[in-house]
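Quick note: numbers below take in every heavy atom, side chains included, and nothing from hydrogens, waters or symmetry partners. Order of the sequence lines sets the chain letters (A, B, ...), proteins ahead of strands, with each chain counted from 1.
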Amino acid sequence: MINWLPTLIAVAVCIIIIMVRVFIGPGAPTRLVAFDTANTLVVAGLVVAAIMFNHAIFVDVAIVYALLSFAMTLYVAKYIQGDKF
Amino acid sequence: METLNTVSYVFIGIGLFFNFVGAIGLHRFPDVYTRLHAATKCTTFGSIFLILAVIVQSAGIWAREGTISQSVICIHSVVALVALLVTNATGAHAMARAAHRSGEKPARAVVDDLANRKERE
Amino acid sequence: MRFLITAVVAYAAYLILTIGSGTVALWSKEELIVGAIFAVIAGALLRNRFIGKDLRMLNPRRWFTFLVYLFPFFLAMAKANIDVAYRVITGRINPAIVKINPNLKNDMSVTMLATSITLTPGTLSVDVEPKTNELYVHWINVDPEILKDMPRDYHPICGSFPDWARRITG
């Protein structure tokens, strides 16, 4: 049995480093890029949490989170480039 | 058992290393496009390896003890992996195009064919 | 034919997502029945959207080529990550946005090439010219030799990926 807690903490530290870029980053495109990166890491962290707590529902949440964050990225990108909806 | 644990630790090491490289690359690179390089490639690769470690572990427990919940974690992790791979690359494409259309210039760029096209029109 | 393929794919997706729910070989009886009903509904509603007019991807040889393609793709992805890690640590970049014309015919191969070169060494697709299928690529470390002549040679930029895209979806 592997102790998964250090892995989860390391992923959380990565997310915190990226969140600094979300807050200071110059301009909307940089913030969008950093936020999308954080979303990817949240998905990975959820999958790790699923095997750590032995709850399979976390992986389902991760799948839905990945697809919803993809939709969010597309819509914000469309907004940034100035399209009409 | 021991072999599976070793393989999992190696996967976790690779995954965490590339995730950290991606996170630091967001701070060290000068503009949106180079940051997208670091963000997309490194975090996708790192997350793939983290999820692969989870798949290896849960498949090992599933084969050994036959627990149903581990099989669910194993199969659904594969689905999450495919979803990540497809959505990350497409999202990077959308973000790069949006950044260029909103007037973001590539820093320290030698040539910019796309800007030349817009001037011609 | 279209209805059948869409329904089978929908049923397979439903079965993957409900694995481990019961006793009939990992699935429960209720999930199997409900999944079949929803697969028929999805197939009836979406058969023209899911496959469209282009029946080219039904050929199993293309799927086999796609599976073979995953190995060089994964190798190139590992190389790309080591390359980016090197550039993050040393900070040595020399970027440019270049236009390449990989001579692809249809939309699906352009999609596949753009996705592939986003994940592989040194390149990131930025925009596409819809009529001529030319790609604008952000290249992180340019080679000055390539920049001299205007219809740029795409081989040093994206390697053999256009050939693979042509073989799989062309």
Considering all heavy atoms of both residues, which atom of [X] and which atom of [Y] are nearest to each other, and what is their separation?
{"X": "Y9(B)", "Y": "N3(A)", "answer": "OH-N, 4.4 Å"}
{"X": "P30(B)", "Y": "R35(B)", "answer": "O-NH2, 3.9 Å"}
{"X": "T73(A)", "Y": "G91(B)", "answer": "CG2-O, 4.3 Å"}
{"X": "I51(B)", "Y": "S77(B)", "answer": "CG2-O, 3.7 Å"}

For the interface with chain B, which of [options] has the highest count of heavy-atom pairs at distances below 4.5 Å?
{"options": "I18(A), L46(A), I80(A), T40(A)", "result": "T40(A)"}
{"options": "V64(A), L32(A), V59(A)", "result": "V59(A)"}
{"options": "A66(A), C14(A), A44(A)", "result": "C14(A)"}
{"options": "L74(A), I15(A), D36(A), N39(A)", "result": "D36(A)"}
{"options": "V43(A), L67(A), N54(A)", "result": "N54(A)"}

Steps toward side chain to side chain contact (heavy atoms under 4.5 Å, CB included) verdict (H27(B), V20(A)): CA-CA 9 Å; H27(B) 288 269; V20(A) 173; 3.8 Å; yes

Nearest-0.5 Å distance that lies between atom CZ in F58(A) and atom NE2 in H76(B): 15.0 Å

Value rounded to 0.5 Å, distance of CZ in R21(A) from CD1 in I24(B): 12.5 Å

Option in [options] with maximal non-hydrogen atom pairs under 4.5 Å from chain A:
{"options": "V82(B), L16(B), L26(B), T43(B)", "result": "L26(B)"}
{"options": "I55(B), T44(B), L36(B)", "result": "L36(B)"}
{"options": "A23(B), A94(B), A92(B), G60(B)", "result": "A23(B)"}

Check: F45(B) ring centre within less than 6.0 Å of F49(B) ring centre: yes

Side-chain H-bond candidate by donor/acceptor type, S8(B) with N5(B), under 3.5 Å: no

Which answer fits [X], side chain, backbone, both or neither, if we ask what part of it has an atom under 4.5 Å from a heavy atom of chain A?
{"X": "I61(B)", "result": "side chain"}
{"X": "N19(B)", "result": "both"}
{"X": "A38(B)", "result": "neither"}
{"X": "I12(B)", "result": "side chain"}

Which portion of V48(A) sits near chain B, non-hydrogen atoms under 4.5 angstrom: both

